[in-house]
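Remarks on the structure that follows.
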Amino acid sequence: MSKVRVRIAPSPTGSLHVGTARTALFNWLFARKEGGKFLLRIEDTDRERSKPEFERDIIEGLQWLGLDWDEPIVYQSQRLELYRQEAQRLLEMGKAYPCFCPPEELERRRQEMLAKGITPKYDRRCRRLSPEERERLMKEGRPFVLRFAMPLEGEIRFRDIIRGEIRFANRELDDFIIVKSDGFPTYNFACVVDDHAMGITHVIRGEDHISNTPRQLHLYAALGYEPPQFAHLPLLLGPDRSKLSKRHGAVSLSEYRRMGILPEAMVNFLALLGWYPRDQREIKSREELIAEFDLREVKASGAIFDLEKLLWMNGHYIRQKPVDELAHFLVPYFAEQGWLHNPPTDEEWRYLIQVTPLVQERMRTLQEAVELAEFFYREPESYDEKARARLSKEGVAELLWELSNRLERLEGFDGEEVERTVRQLAAERGIKAAEVIHPTRAALTGRMEGPSLFHLMAVLGKERCVGRLRRAVAWLRSGAESAAT
RNA sequence: GGCCCCGUCGUCUAGCCCGGUCAGGACGCUGGCCUCUCAAGCCAGAGGUCGCGGGUUCAAAUCCCGCCGGGGCCA
């Protein structure tokens, strides 16, 4: 029985793209579903562009999503000898040949073909070199690349798990380079050698690789490898339906992580980009996703990355969180504002655990909690437009002044007691409770919307409430009423 | 330009293989309920010539042909 082995093979030339994360997720889901292995290979053969910080970002991103790999990470930069051997084999079999054409010369010929209106392709002139000429040029020490000797006729076809049969005429494929002049393998070549060496059974990757597949298939055949199965995932698109890229906004997984997207929300959301559960229930745990995922059900058309839906889903998972767990997640965000230490002191933690439930049902990202909770940590520096308008109404200053006095005299300061005080004041004045509640909220938070007033007052405590009310009164009496209207 | 892939509400999609439920669900949007506001939650609603044209058929989103549009890769 052949056990499934899949892999994700990112290049550390940039931070982990959400598209790559989605590809990783589908590979991982498939492996877990089939009881196979999920592997990680770092394609770091591009010396200049590969950076350790990108590698770290990729590894951390995958770990954050919970996409664990089953064997040690494979680094292409450590397998140069293997590529060299396999290239040598192809050379000896006559399935690859050295090409001495200088890059400038190639470019010149390309321009020429372009000018003539023909598809630019390598003219294979070095393929026709006699053994003696090759020998001579080698001896001269002329730099060369290794090219694959593509069959001149026929066609290559393969069965894509998602798209069905795909075929390419060999004459459309040219003698692509497999080893660069510096001795480094090209993407297609290293990829095939590694996938074979790693025993990869299913190559699940982005649709943008479809045109690489016929070349790779020829390589498999030439090297005598058994080819894997292929599944080309639909691309992740921006709002304009072009491939999702930087100009569309955030594309790095780490950016979403920083704005406070939860990993379970990201996993759930990403899983729904190109695949859909049979029962049409979209909220799925990791275990459910594994159990229900089926590669054959993946759609073939591209999917726009809809941030609004991600935010909704994230909000859903946030509301699902136990308060103390969510509070833990908020610590770094609040610490960044200087509101508490990281880790928080006991007192800070007790306060945080009271604040958290009051922002929980309103936040869609962890970052949003900062704005929502600000008034719990800082006295509002100003009142927003609506709050100012509400405060400036007739009699508000006197009303708030009276409320502050009554609150000050309170023994305790829990939600019920505060509520009783507010409602009683309203009753005595013959006005609706809302007539007291709204300006009070404005004075305490600087806004007209937010958590239940009595709850937030209980959390703020007597001192802060009384102080803020009185400062609002002072502000009103100093002539703000006329200034505001 | 060449090759390849794709095309169902604004978006993610179910249905297409095995023609025949008012083309279903979700996000978003609108309204209502709840209510001290916002949010959440619950309920309701609007939104789709199934890319277009033709053919097959009693019947086509679904099968066949052509076209158009979008995208990807190579340049």
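A, B, ... follow the sequence lines: proteins, then strands. Residue 1 opens every chain.
Ring geometry, A/His316 versus A/Trp312: the interplanar angle falls from 30° to 60°, so the pair is classed tilted. Taking the six-membered ring for Trp and thresholds of 30 and 60 degrees, A/Tyr97 and A/Tyr122 have nearly parallel ring planes, at less than 30 degrees apart. Between A/His218 and A/Phe148, the ring planes lie tilted relative to each other; the angle falls in the 30° to 60° range.
With both ends at atom C1', the span from B/C68 to B/A59 equals 27 Å, rounded to whole Å. Rounded to a whole angstrom, the distance from the C1' atom of B/G31 to that of B/G20 is 36 Å. For the C1' atom pair drawn from B/G19 and B/U62, the interatomic distance equals 6 Å after rounding to whole Å. Nucleotides B/G2 and B/G24 place their C1' atoms 41 Å apart, quoted to the nearest Å. Here, B/G10 and B/G54 have their C1' atoms 30 Å apart, quoted to the whole Å. When the C1' atom is compared between B/G7 and B/C18, the two are found 23 Å apart, to the nearest whole Å.
The salt bridge (charged side-chain N to carboxylate O under 4.0 Å, His left out) test with A/Asp123 singles out one residue from A/Arg109, A/Arg128, A/Arg147, and that residue is A/Arg109.
Nucleotide B/C17 holds its C1' atom 13 Å from the CZ atom of A/Arg296, rounded to whole Å. To the nearest angstrom, C1' of B/G7 lies 13 Å from CZ of A/Arg163. A/Asp384 places its CG atom 12 Å from the C1' atom of B/U37, with the value rounded to the nearest Å. Here B/C36 presents its P atom at 17 Å from CG of A/Leu358, a figure rounded to the nearest Å. One atom, CZ of A/Phe176, and another, C1' of B/C3, lie 16 Å apart when rounded to the nearest Å. In this structure, CD of A/Glu165 is placed 14 Å from C1' of B/C5, rounded to the nearest angstrom. Rounded to an integer number of Å, the gap from CZ of A/Phe454 to C1' of B/U35 is 12 Å. Straight-line distance from the CD atom of A/Glu308 to the P atom of B/C9: 20 Å, rounded to whole Å.
Residue A/Ile166 is in sugar-phosphate contact alone, with no base atom involved, counting any heavy-atom pair closer than 4.0 Å across all strands shown. At the heavy-atom level, A/Arg423 lies under 4.0 Å from the strands shown only through sugar-phosphate atoms. A/Ile304 comes within contact range of the sugar-phosphate backbone alone, with a heavy-atom separation under 4.0 Å but no base atom that close. Using a 4.0 Å heavy-atom distance criterion, A/Ala300 is classed as a sugar-phosphate-only contact. Residue contacts shown for A/Phe168 are limited to sugar-phosphate atoms, with no base heavy atom under 4.0 Å away.
Sorted by first and then second residue, the pairs that involve residues 255-275 of chain A and meet ring pair (Phe, Tyr, Trp, His ring centres under 6.0 Å), not counting sequence neighbours, are A/Tyr256-A/Phe305, A/Phe269-A/Phe305, A/Trp275-A/Phe293.
In this structure, the side chain of A/Asp195 does not engage the main chain of A/Arg7 through any donor-acceptor pair within 3.5 Å.
At a threshold of 4.0 Å, the pair A/Glu308-A/Arg364 counts as salt-bridged, since one of the basic side-chain nitrogens sits closer than that to a carboxylate oxygen. One finds a salt bridge joining A/Lys321 and A/Glu264 here, because a Lys/Arg side-chain nitrogen approaches an Asp/Glu carboxylate oxygen to under 4.0 Å. Salt bridge absent: A/Arg420 and A/Glu416 never bring a charged side-chain N and a carboxylate O closer than 4.0 Å. Ion pairing between A/Glu104 and A/Arg108 fails under the 4.0 Å rule for side-chain N and carboxylate O.
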Enumerate the protein-to-nucleotides 70-75 of chain B contacts in which both atoms are nitrogen or oxygen and the separation is below 3.5 Å.
from: B/G72; atom 1: OP1; to: A/Lys243; atom 2: N; distance (Å): 3.2
from: B/C73; atom 1: OP1; to: A/Lys243; atom 2: NZ; distance (Å): 2.6
from: B/C73; atom 1: O2'; to: A/Ser211; atom 2: OG; distance (Å): 2.6
from: B/A75; atom 1: O3'; to: A/Arg110; atom 2: NE; distance (Å): 2.7

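No hydrogens or angles considered: nothing links the side chains of A/Thr186 and A/Asn188 as a donor-acceptor pair under 3.5 Å. For the residue pair A/His248/A/Asp240, the side-chain donor-acceptor check at 3.5 Å is satisfied. The closest side-chain donor-acceptor pair between A/Arg409 and A/Thr421, if any, does not fall under 3.5 angstrom. No hydrogens or angles considered: nothing links the side chains of A/Tyr187 and A/Asn212 as a donor-acceptor pair under 3.5 Å.
With a cut-off of 3.5 Å on both pairing distances, the Watson-Crick or G-U wobble partner of B/G1 is B/C74. When both pairing distances are held under 3.5 Å, B/G10 makes a Watson-Crick or G-U pair with B/C27. Nucleotide B/C42 forms a pair with B/G32, judged by Watson-Crick or G-U wobble geometry with both contacts under 3.5 Å. Across all strands shown, the partner of B/G20 is B/C58, judged by Watson-Crick or G-U wobble contacts whose two distances both fall under 3.5 Å.
Residue A/Phe305 is the one, among A/Ala433 and A/Phe305, whose nearest nucleotide of RNA chain B lies closer to the 5' end (criterion: closest heavy atom).
Of all the residues in residues 8-16 of chain A, not one reaches under 4.0 Å from RNA chain B with any non-hydrogen atom. For the contact set between residues 263-286 of chain A and RNA chain B, defined by any heavy atom under 4.0 Å, the members are A/Leu272, A/Leu273, A/Gly274, A/Tyr276, A/Gln280, A/Glu282.
Residue-environment remark: CD (A/Glu107) exceeds the threshold of 12 foreign heavy atoms within 6.0 Å.
Scanning for side-chain hydrogen bond (donor to acceptor under 3.5 Å, both in side chains) contacts around A/Glu207 gives an empty result, with sequence neighbours left out.
Here B/U8 is the nucleotide among B/G28, B/C5, B/U8 with the atom lying nearest to any side-chain atom of A/Lys299.
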Contact string for nucleotides 38-49 of chain B, one letter per nucleotide 5' to 3', B = base within protein heavy-atom range under 4.0 Å, S = sugar-phosphate only, - = neither, reads BBSS--------
